[in-house]
Protein chains: 2
Amino acid sequence: MKSSKKIKREEFIRICKLHGLKITPQRMAIYEEVTGSSGHPSAEIIYRKIKRKYPGISFDTVNRTLLTFSDIGLLQIVEGYGEPKRFDANTQDHHHFRCLRCGSIIDVYHKRYDELEIPAEIETHHKVIRKRVVLEGICKQCRER
Amino acid sequence: MKSSKKIKREEFIRICKLHGLKITPQRMAIYEEVTGSSGHPSAEIIYRKIKRKYPGISFDTVNRTLLTFSDIGLLQIVEGYGEPKRFDANTQDHHHFRCLRCGSIIDVYHKRYDELEIPAEIETHHKVIRKRVVLEGICKQCRER
DNA sequence: CTACTAATTAAGAGTAACTCTTATTTGTTG
DNA sequence: CAACAAATAAGAGTTACTCTTAATTAGTAG
């Protein structure tokens, strides 16, 4: 276990250098916390956990660092985007493409997506009300800039 | 066009009565605005549009009404949930089940989901970086209450 | 048609979750 | 180890709700 932690640390340093980021103790701590924690924590939850070990750290640093990590692909932002709620009165079966830069949502109509089955291990435990495929990336307009 | 609007209005009244909701002019206006607008507006955007016709309406009423509509299935909340950002350091290919009541996210591993193709009309215009299936419903714990 | 009552609304205060600004500190490079 | 650009802490500011309260109103019982 000790050596796998060391390997993880070296990997982290490699990726940071690759992107020209400095290796700070704060970043190290946040990286270790977030890769070590299962679940899908918010910035606030990660901040509270890290604060036990590093009482001096600020929320802003945790949040900013998480966003940096998401920029360089060390983690992803999922399901909650910290953005206002978006409403959709389109009752037709459809899916979405979402631009990671400007946040615009484009409807996707694709029959194969409508026909997706629900995995048995989900269906037996939880009640599934709806299913949707979410594609994420950079939209045409943002690419042209 | 005039008659389809009238039919829509009657349908709206029917659904409201079905759920024991009073027919108020505010609700009517919000319903007409949200079903008439394409895109995936936030509460703020709908509020601004309605305010042109009904200058006296409050943001709170618009927001509350939209949430009510989502409760009774007239519309859905998508992509932005008005919740804190959620981070995921799991780099394996996986998907999510999200509880509409408590907000918990459960990982879903399902090979068929990993193999979904991207529709051509999306791929030609936009850059797709990732794709995910999002199942939504009520989780086991919330059902048991 | 009137009175009643519970639902609904407007207004404004309060809160959560960022997000930005500024002064200070710290990795990194030469 | 000196210089400097990057990163941090602290705290103010902003956005998007969310709640409280008093006033109003839709539905209905008479």
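It should be emphasised that the depicted structure is a prediction, and the values quoted were computed from it without experimental measurement.
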If a pair satisfies salt bridge (Lys or Arg N to Asp or Glu O under 4.0 Å) and one of its residues is in [range], list it, with sequence neighbours excluded.
range: residues 72-82 of chain A; value: none
range: residues 50-66 of chain A; value: A:Asp60-A:Arg64
range: residues 109-128 of chain B; value: A:Arg112-B:Glu117, A:Glu117-B:Arg112, B:Lys111-B:Glu115

| field | Residues within residues 72-79 of chain A bordering DNA chain D, heavy-atom distance below 4.0 Å | value | none
| message | Distance check needed: C:dT9 P versus B:Asn63 CG, whole Å only. | response | 12 Å
| said: For residues 35-80 of chain B, which residue pairs pass the ring pair (Phe, Tyr, Trp, His ring centres under 6.0 Å) check, not counting sequence neighbours? | reply: A:His96-B:His40, B:Phe12-B:Phe69, B:Tyr47-B:Phe59
| request: Let me have a per-nucleotide readout for nucleotides 23-28 of chain C, 5' to 3', with B, S or -, counting only protein heavy atoms under 4.0 Å. | output: ----BS
| request: Kindly state which residues belonging to residues 35-62 of chain B come within less than 4.0 angstrom of DNA chain C, counting heavy atoms of the residue only, listed by number. | output: B:Gly56, B:Ile57, B:Ser58, B:Asp60, B:Thr61
| query | Under a 4.0 Å heavy-atom cut-off, which of residues 80-90 of chain B touch DNA chain C? | reply | B:Pro84, B:Lys85
| task | Return the set of residues passing salt bridge (charged side-chain N to carboxylate O under 4.0 Å, His left out) with B:Arg48 (not counting sequence neighbours), or none when no residue passes. | result | B:Glu44
| query | With sequence neighbours left out, what residues match A:Glu136 under salt bridge (charged side-chain N to carboxylate O under 4.0 Å, His left out)? | reply | A:Arg98, B:Arg130
| note | Rounding to the nearest 10°, end axes of the helix from C:dC1-D:dG30 to C:dG30-D:dC1 built from five pairs each make an angle of 40°
| Outermost DNA chain D nucleotides near chain A [under 4.0 Å, heavy atoms] | D:dA5 to D:dT18
